[in-house]
Amino acid sequence: MAEVLGVGLTHYPLLAGADTHMANLLKSTLKDPDIPTELKDPASWRTLARQEWGSDEGVTAAAQHRTRLLEDLRKCRDAIDAFEPDVLMVWGDDQYENFREEVIPSFCVLAYTDTVVEPFGVLDMLGVPNVWGLPSDTTFVMKGEPDFAKNAVSDVLGAGVDVAYSYRPREGIHFPHAFGNTQLFLDYDNVGAQFPYPIVPMAVNCYGEHVIARKGGIARFADIAAGEQLDPPGPTPLRCFEFGRAVGRFARRSDKRVALVASSSWSHAFLHDKGWHLRPDIEADRYLYDAMVRGDYDTWNARTSKQVIEAGQHEMLNWYCLLGAMSELGMELSWSDLVVTEIFNSNKAFAVFA
């Protein structure tokens, strides 16, 4: 029987950018004329937001935020290195990247061979320099395990969970950053070196009704008020949990040492309409974090798609997959951390299950 490790981490794009740009999403939001003026005034913000914003619009706090995130990422990498996996299977969201109007699968396993990744594609779109000072067209290779990925698809389909598969990425776009940044951040100190572990990406349609409507990104409130043409919903939280359970069973029966990884931040400010896109939903994230620490998956599975969307927790469907696998395999949380913020777009959780 194979050995399995569980890991949860963030793929926050602006961690790859310079500190001077880490609060750019909030700065962009503050330009939305349809957000009430009084809510955009830092004097009206909660204590944490005012402290982070400071006198330099978040630059000092960005360095502190980065330090905390890197400490947690290194703990995740240390756990992976100690485990010595044959392969990482990574759940991540496709944010209008590989999948667009042609097809939006609920779940899709990317059975790719070794793939060239341009890790700074999102930063280029945002006009943000990377923190390493590397050329914007820098690339690295993501090692693949296509036969193992195909076996996973066959096994999960046989278990009654519908999952698509892909043999080739879309041309003309950057590789989905949920997966590219997973490798980038786990190898933060050795960018450009060969990451030693193959990765099987498993794309989850986390953005659901907003994936085409908002192109996986930010909407202005005038457009929301005018009436969005929403897309069909994505998979429910419970269905993601079941997908995770099926992948967990496959990993356990395989002949490889498998690290199962959830890659995403938790609630996102730009998806939190009720918070005027100014801050993530810290309360909703803490509620689920505390339940995860207790091993209380019933609380997670009681959440509806509507509740997840209203809290801006779309990308947490990746973590539902991970927790489904951990529940199925009887694995326990050995370490975790929740990094909260009011100005850096998203709260970030980290976890290791053994």
Side-chain angles (χ1 to χ4, degrees), residues 11-17 21 24-25 28 88 90-146 149-150 153 163-187 191-192 194-195 198-220 223 228-232 234 263-265 268 270-271 314-315 318:
H11 62 249
Y12 175 51
L14 290 171
L15 177 60
H21 292 69
N24 273 18
L25 291 175
S28 176
L88 275 62
V90 180
W91 286 286
D93 47 282
D94 189 282
Q95 205 166 321
Y96 196 71
E97 293 161 313
N98 239 353
F99 304 117
R100 297 187 175 183
E101 284 81 354
E102 296 90 345
V103 62
I104 302 290
S106 292
F107 309 118
C108 186
V109 174
L110 310 186
Y112 296 165
T113 57
D114 294 358
T115 303
V116 175
V117 176
E118 297 179 353
F120 304 136
V122 172
L123 295 186
D124 288 346
M125 291 171 56
L126 297 174
V128 174
N130 70 80
V131 70
W132 299 275
L134 293 170
S136 62
D137 61 354
T138 294
T139 63
F140 61 68
V141 173
M142 180 178 291
K143 297 168 65 175
E145 279 283 357
K150 289 163 63 176
V153 171
V163 58
Y165 57 90
S166 171
Y167 292 154
R168 186 174 62 221
R170 173 186 288 270
E171 296 181 0
I173 60 130
H174 57 263
F175 194 80
H177 70 274
F179 308 113
N181 281 359
T182 296
Q183 178 166 323
L184 183 69
F185 293 164
L186 285 173
D187 212 27
V191 170
Q194 179 61 59
F195 187 67
I199 291 178
V200 172
M202 298 181 289
V204 179
N205 179 21
C206 295
Y207 277 69
E209 64 186 38
H210 294 136
V211 66
I212 304 297
R214 300 186 184 182
K215 293 182 168 54
I218 301 171
R220 293 296 182 182
D223 297 328
E228 293 183 280
Q229 298 298 310
L230 296 177
D231 306 306
S263 177
S264 75
S265 299
H268 284 54
F270 74 78
L271 294 168
H314 303 51
E315 293 191 18
N318 298 311

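Not measured: the values here are computed from a predicted model.
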Going by atom type alone, with no hydrogens or angles, which donor-acceptor pairs under 3.5 Å involve a side-chain atom of residues 110-121 and a protein atom two or more places apart or on another chain?
residue : atom : partner : partner atom : Å
Tyr112  : OH   : Asn98   : ND2          : 3.0
Tyr112  : OH   : Ser166  : OG           : 2.9
Tyr112  : OH   : Arg168  : O            : 3.4
Asp114  : OD1  : Gly144  : N            : 3.0
Thr115  : OG1  : Thr113  : O            : 2.8

Pro198 and Glu145 have their tightest heavy-atom pair at CB-CG, 3.4 Å
Flag the pair Gln194 / Lys143 as yes when at least one side-chain heavy-atom distance between them is below 4.5 Å, and no otherwise.
yes
Got Leu88 and Leu186 here, is their nearest side-chain heavy-atom distance under 4.5 Å?
yes
Is there side-chain contact between Asn24 and Leu126, with heavy atoms separated by less than 4.5 Å?
no
If I compare all heavy atoms of Gly127 with all of Pro129, which pair ends up nearest, and what's the gap?
O-CD, 4.0 Å
I'd like to know whether NZ of Lys150 has more than 12 heavy-atom contacts from other residues, nucleotides or ligands below 6.0 angstrom.
no
Classify the angle between the aromatic ring planes of Phe270 and His268 as parallel (below 30°), tilted (30 to 60°) or perpendicular (above 60°).
perpendicular
Neighbour count above 12 (heavy atom, 6.0 Å) for Glu101 CD:
yes
Considering non-hydrogen atoms only, spot the tightest contact between Leu123 and Pro13 and give its length.
CD2-O, 3.5 Å
When the side chains of residues 173-181 are checked against the rest of the protein, which donor-acceptor pairs come out under 3.5 Å, sequence neighbours left out?
residue : atom : partner : partner atom : Å
His174  : NE2  : Glu97   : OE2          : 3.0
His177  : ND1  : Glu97   : OE2          : 2.7
Asn181  : ND2  : His11   : O            : 3.0

I'd like to know whether OH of Tyr165 has more than 12 heavy-atom contacts from other residues, nucleotides or ligands below 6.0 angstrom.
no
Tell me, yes or no, whether the heavy-atom count around Glu171 atom CD, taken from other residues, nucleotides or ligands under 6.0 Å, exceeds 12.
no
By side-chain hydrogen bond (donor to acceptor under 3.5 Å, both in side chains), which residues pair with Tyr207, not counting sequence neighbours?
Gln95, Glu315
So, the side chain of Asn318 versus the backbone of Ser264: is there a donor-acceptor pair under 3.5 Å, distance only?
no
Spacing of Met202 atom CE and Ser263 atom OG [to the nearest 0.5 Å]
11.0 Å
For His21 and Val128, the nearest pair of non-hydrogen atoms, with its separation, is CB-CG1, 3.6 Å
Taking atom CD1 of Ile212 and atom CD1 of Ile104, what is their separation to the nearest 0.5 Å?
4.0 Å
Working to the nearest 0.5 Å, report the span between NE2 of His210 and CG of Leu230.
5.0 Å
Donor-acceptor pair, side chain of Asp231 and main chain of Ala213, under 3.5 angstrom
yes
